[in-house]
Amino acid sequence: MTSLPRRPRLLGRHALRSLWGSPVLGMPVEAHEVRTARLLLRPYRASDAADWRRIEDDEEVRRGLDWPLRTARQAHDHLLARTAHTELAGAGDLLVLAVERHGRVIGDVSLHLRTVAPETRVAEMGWLQLTAEGGHGYATEAARAMLDLAFGELRACLVTAVVDRSNVSSARLALRLGFRLAGGTVQRITFVLSEADYAAERAAQPSRGAVETPPFGTKSVDNL
């Protein structure tokens, strides 16, 4: 009796990249819901269009991120692109989580995987928030949750943040989170946070609340 030929096994993107020789994580980090004291972090959805348009129309957000003023169609396409960034497996991958407060998206946090090797694993972190939602510690709360993911699930050795020099609020947030100034250019500043420093800062403040005191090493942005 002749046996039937086996059906070819379909390989996912992660397996294909491994076959091509590109370094990949042993276990990809996939986007999932993360709850904090006041916020829900989750993957973007196409149904977030109205909230996303408010973010796109926020002049302070656009200036801080050097975004152009997009048409309604361009803003919608930008949102759809963000819904696709749900996995970190290889260098260059981006994971974005929308930050939801009382059923509305007020911003997001992101991780951009730069290097994969365990001993040198680096991710670049980003954040954005509606200007009207500032002053309540939401951005700090969301960013800390993403740092927990970066140093926990992703097992990064180092997290970086690149901030435009004119974006003073983001520079202050980086310092509140424990990032240290690493250098930069005429236009942008680079901050770094090691796993060891983050662990030490977490241990020093085991019961952080919504109102936070500045972590060690914080200094004024005036001299950056």
Side-chain angles (χ1 to χ4, degrees), residues 29-45 48 51-52 54-56 58 60-61 64-65 79 82-83 85-86 88 94-112 123-156 158-164 167-180 189 191-221:
V29 175
E30 298 182 352
H32 57 83
E33 290 189 356
V34 177
R35 291 191 179 273
T36 67
R38 300 176 296 170
L39 307 170
L40 170 65
L41 278 61
R42 57 158 176 86
Y44 271 108
R45 310 169 186 140
D48 294 324
D51 290 342
W52 180 251
R54 279 189 285 271
I55 291 171
E56 289 269 5
D58 191 318
E60 291 296 320
V61 171
L65 296 172
L79 169 62
R82 242 161 166 74
T83 65
H85 295 306
T86 58
L88 298 176
L94 176 66
L95 186 150
V96 184
L97 294 179
V99 177
E100 182 181 306
R101 167 77 171 161
H102 293 325
R104 290 185 54 197
V105 175
I106 63 171
D108 68 40
V109 283
S110 60
L111 285 177
H112 206 147
E124 181 180 338
M125 185 173 174
W127 51 76
L128 63 88
Q129 181 176 274
L130 282 168
T131 304
E133 299 292 341
H136 304 288
Y138 299 144
T140 305
E141 190 173 324
R144 286 204 179 279
M146 192 57 115
L147 284 173
D148 287 343
L149 189 151
F151 290 120
E153 294 182 45
L154 182 59
R155 303 184 70 82
L158 199 71
V159 174
T160 66
V162 180
V163 177
D164 192 282
N167 194 346
V168 176
S169 61
S170 280
R172 286 174 176 157
L173 175 55
L175 292 173
R176 282 199 303 274
L177 293 169
F179 282 84
R180 299 178 184 274
I189 311 167
F191 295 93
V192 297
L193 178 62
S194 70
E195 191 279 333
D197 279 350
Y198 188 62
E201 194 267 321
R202 285 297 302 268
Q205 298 186 26
S207 57
R208 275 189 304 260
V211 179
E212 303 186 17
T213 56
F216 66 90
T218 298
K219 59 182 179 179
S220 169
V221 298

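Since the structure is predicted, the reported quantities are computational estimates derived from the model, not experimental observations. Note: hydrogens, waters and symmetry copies are ignored here, and every other heavy atom, side chains too, is used.
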### Task
Apply side chain to side chain contact (heavy atoms under 4.5 Å, CB included) to the pair W52 and R45, showing each step before the final yes or no.
CA-CA 10 Å; W52 180 251; R45 310 169 186 140; over 6 Å; no

Measure the [atom1]-[atom2] distance between [X] and [Y] for me, rounded to the nearest 0.5 Å.
| X | Y | atom1 | atom2 | result |
| --- | --- | --- | --- | --- |
| R42 | D108 | CZ | CG | 10.5 Å |
| L94 | L111 | CG | CG | 8.5 Å |
| I106 | D58 | CD1 | CG | 12.0 Å |

Evaluate the side-chain proximity of [Y] to [X]: yes if any heavy-atom separation is below 4.5 Å, no if none is.
| X | Y | result |
| --- | --- | --- |
| F179 | L173 | no |
| H85 | L95 | no |
| M146 | V34 | no |
| R101 | H136 | no |
| E100 | D51 | no |
| P43 | V96 | no |

### Query
Is the backbone of A37 close enough, under 3.5 Å, to the side chain of E141 for a donor and an acceptor to pair up by distance?
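Between the backbone of A37 and the side chain of E141 there is a qualifying donor-acceptor contact (under 3.5 Å).
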
### Passing option when F191 is tested against L175, L177, T160 for side chain to side chain contact (heavy atoms under 4.5 Å, CB included)
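In the set L175, L177, T160, the residue that makes a side chain to side chain contact (heavy atoms under 4.5 Å, CB included) with F191 is L175.
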
#### Entry: Non-hydrogen atoms of Q129 and Y138 that approach each other most closely
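Looking at all heavy atoms of both residues, the shortest contact is OE1-CB, 3.3 Å.
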
